[in-house]
Colleague: 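Got a structure for you, written out below as structure tokens; questions coming shortly.
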Amino acid sequence: MRVKEVAELAGISVRTLHHYDEIGLLVPDEVTEAGYRIYSEGNLEMLQQILFFRELGFPLKRIKEIVTDPKFDRLAALEMHRNMLLERRKRLDNMLGTLEKTIKHMKGEIAISVQERFEGFDFSKNPYEQEARERWGDEAVDRSNAKIRSMSKGEVAALQDEMNAVYRKLASLKHKAPDSDEAQAAIGEWYNLLQRFGNYSPEAFKNLGQMYVDDERFTKNIDQFGEGLAAFMRDAMAVYADSLQA
């Protein structure tokens, strides 16, 4: 199949396929004399695998490392994808159930308890935990997890609200220089907030900011508050960390 046909089949852009080729993630098995990319059945199987990884939030760099590993087991990977998607579906079903009950409660049709308001919300499972362990060690992550587990669901929800408020404040300041007084005051709030359930050294705080840009999952989550916010936070966090070490 030619690149345009593959793009239409997979629901992605031709440009995306070109990019995958350029970075060595998905190289077509054949290129005609006229320069047309021709994708084989094996290429299509690999593309499916790549798209599953992308759906689960893996960055392209990590996907390439996985699929080019000589020990890569495609069947085992597909089974892992299935289990992760089933878990995601279960969580979404739970949250939808909570949403439906909350709507009925607001309409006066039923009464729900405080506990029922938070069914389906579980912040104890952190999708970034493995990266954090690799960067900062098991002890730091375990200590952070213990603090979060000791909090009630209401406290966790309140913490999330505080974090979102800081995100919005920083988004309103991203037109300013990262080292401006306003940006540094807001990023100081972020630093203090993180310290409530972690123990970030200035260097760890700076590295976390870099992860906001390096990991596409972080970037996507943060940039929903404003395009370019992740990069702005990275720069502001680096300035703040350096000032703490000065």
Side-chain angles (χ1 to χ4, degrees), residues 57 87-133 135-136 138-174 181-202 204-209 211-212 215 217-230 232-234 236-237 240-241 244:
E87 180 62 30
R88 179 185 292 184
R89 184 174 70 181
K90 178 181 177 182
R91 185 168 183 242
L92 287 173
D93 286 343
N94 288 338
M95 293 182 71
L96 282 169
T98 298
L99 180 61
E100 292 293 340
K101 286 192 288 187
T102 302
I103 290 172
K104 290 181 179 180
H105 172 76
M106 293 187 69
K107 289 181 176 180
E109 298 175 3
I110 63 172
I112 60 175
S113 66
V114 173
Q115 289 76 18
E116 287 178 300
R117 289 178 184 270
F118 296 97
E119 289 179 356
F121 294 93
D122 185 359
F123 294 97
S124 65
K125 296 178 181 178
N126 185 349
Y128 314 113
E129 182 169 316
Q130 185 57 40
E131 288 95 331
R133 289 186 182 279
R135 287 173 182 253
W136 302 309
D138 291 338
E139 182 179 351
V141 176
D142 289 340
R143 186 166 55 246
S144 176
N145 286 344
K147 287 185 179 180
I148 293 175
R149 282 195 296 269
S150 68
M151 300 169 67
S152 68
K153 288 186 176 181
E155 289 172 329
V156 172
L159 176 62
Q160 187 66 55
D161 287 341
E162 287 186 65
M163 296 175 76
N164 290 344
V166 178
Y167 279 136
R168 286 190 287 269
K169 179 182 289 188
L170 286 163
S172 72
L173 297 171
K174 62 185 177 68
D181 291 342
E182 297 94 329
Q184 286 300 292
I187 213 67
E189 291 182 36
W190 185 245
Y191 179 78
N192 292 329
L193 187 57
L194 293 181
Q195 295 291 63
R196 285 164 53 183
F197 59 90
N199 184 20
Y200 291 87
S201 66
F205 186 62
K206 187 174 184 178
N207 289 339
L208 179 64
M211 189 189 290
Y212 289 169
D215 191 313
R217 293 170 296 178
F218 271 110
T219 306
K220 181 179 179 180
N221 287 335
I222 294 172
D223 278 6
Q224 66 181 322
F225 292 91
E227 187 174 355
L229 178 58
F232 177 76
M233 289 185 68
R234 174 201 59 192
M237 289 166 75
Y240 191 85
L244 291 176

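All values reported here derive from a predicted model rather than from experimental measurement. Count residues from 1 along the sequence.
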Colleague: With a 4.5 Å limit on heavy-atom distance, are the side chains of R168 and N164 in contact?
Modeller: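 A side-chain contact exists here, since the closest heavy-atom pair is under 4.5 Å.
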
Colleague: Would you check if the distance from the ring center of W190 to the ring center of Y167 is below 6.0 Å?
Modeller: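 Yes, they do, as the ring centres are separated by less than 6.0 Å.
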
Colleague: Got a second to check how far M211's CE is from L208's CG, nearest 0.5 Å?
Modeller: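 If I round to the nearest 0.5 Å, the distance is 6.5 Å.
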
Colleague: With rounding to the nearest 0.5 angstrom, report the CZ to CE distance, F218 to M233.
Modeller: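 If we round to the nearest 0.5 Å, F218:CZ and M233:CE are 10.5 Å apart.
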
Colleague: Does V166 reach the side chain of I187, with side-chain heavy atoms less than 4.5 Å apart?
Modeller: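 Side-chain contact under 4.5 Å: no.
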
Colleague: Specify the closest pair of heavy atoms between K174 and E227, including all atoms of both residues, with the distance to one decimal.
Modeller: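 The answer is NZ-O, 3.0 Å.
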
Colleague: Give me the atom names and distance for the closest heavy-atom approach of A241 to K206.
Modeller: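 Result for this residue pair: CB-CB, 3.8 Å.
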
Colleague: Answer yes or no: is there a donor N or O on one side and an acceptor on the other, between the side chain of K104 and the main chain of L99, under 3.5 Å?
Modeller: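 Not at all, since once roles are kept as given, no pair shorter than 3.5 Å links the two residues.
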
Colleague: Taking the side chain as C-beta and beyond, is there a heavy-atom pair between Y212 and L229 under 4.5 Å?
Modeller: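 Not touching, per the 4.5 Å side-chain cut-off.
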
Colleague: I need the minimum non-hydrogen distance between K101 and I110, along with the two atoms involved.
Modeller: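 Nearest heavy atoms, K101 then I110: O-CD1, 3.6 Å.
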
Colleague: Indicate the ring-plane relationship of Y191 and Y240, choosing parallel, tilted or perpendicular according to the 30° and 60° boundaries.
Modeller: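 If you compare the ring of Y191 with that of Y240, the planes turn out tilted.
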
Colleague: Tell me the closest heavy-atom pair linking M237 and F205, and the distance in Å.
Modeller: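 Heavy atoms of M237 and F205 come nearest at CE-O, 3.2 Å.
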
Colleague: Output the distance between atom CZ (R89) and atom CG (L96), rounded to the nearest 0.5 Å.
Modeller: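 Nearest 0.5 Å value for the CZ-CG distance: 12.0 Å.
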
Colleague: I need the minimum non-hydrogen distance between L170 and A186, along with the two atoms involved.
Modeller: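 Looking at all heavy atoms of both residues, the shortest contact is CD2-CB, 3.5 Å.
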
Colleague: According to side chain to side chain contact (heavy atoms under 4.5 Å, CB included), who are the partners of E162, at least two apart in sequence or on a separate chain?
Modeller: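 Only L193, R196 meet the side chain to side chain contact (heavy atoms under 4.5 Å, CB included) criterion with E162.
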
Colleague: Quick one: does Q224's side chain have a donor or acceptor within less than 3.5 Å of a partner on N221's backbone?
Modeller: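 Yes: the side chain of Q224 pairs with the backbone of N221.
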
Colleague: Treating E182 as the side-chain partner and L173 as the backbone partner, does any N or O pair qualify as donor plus acceptor under 3.5 Å?
Modeller: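 Such a contact is absent between E182 side chain and L173 backbone.
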
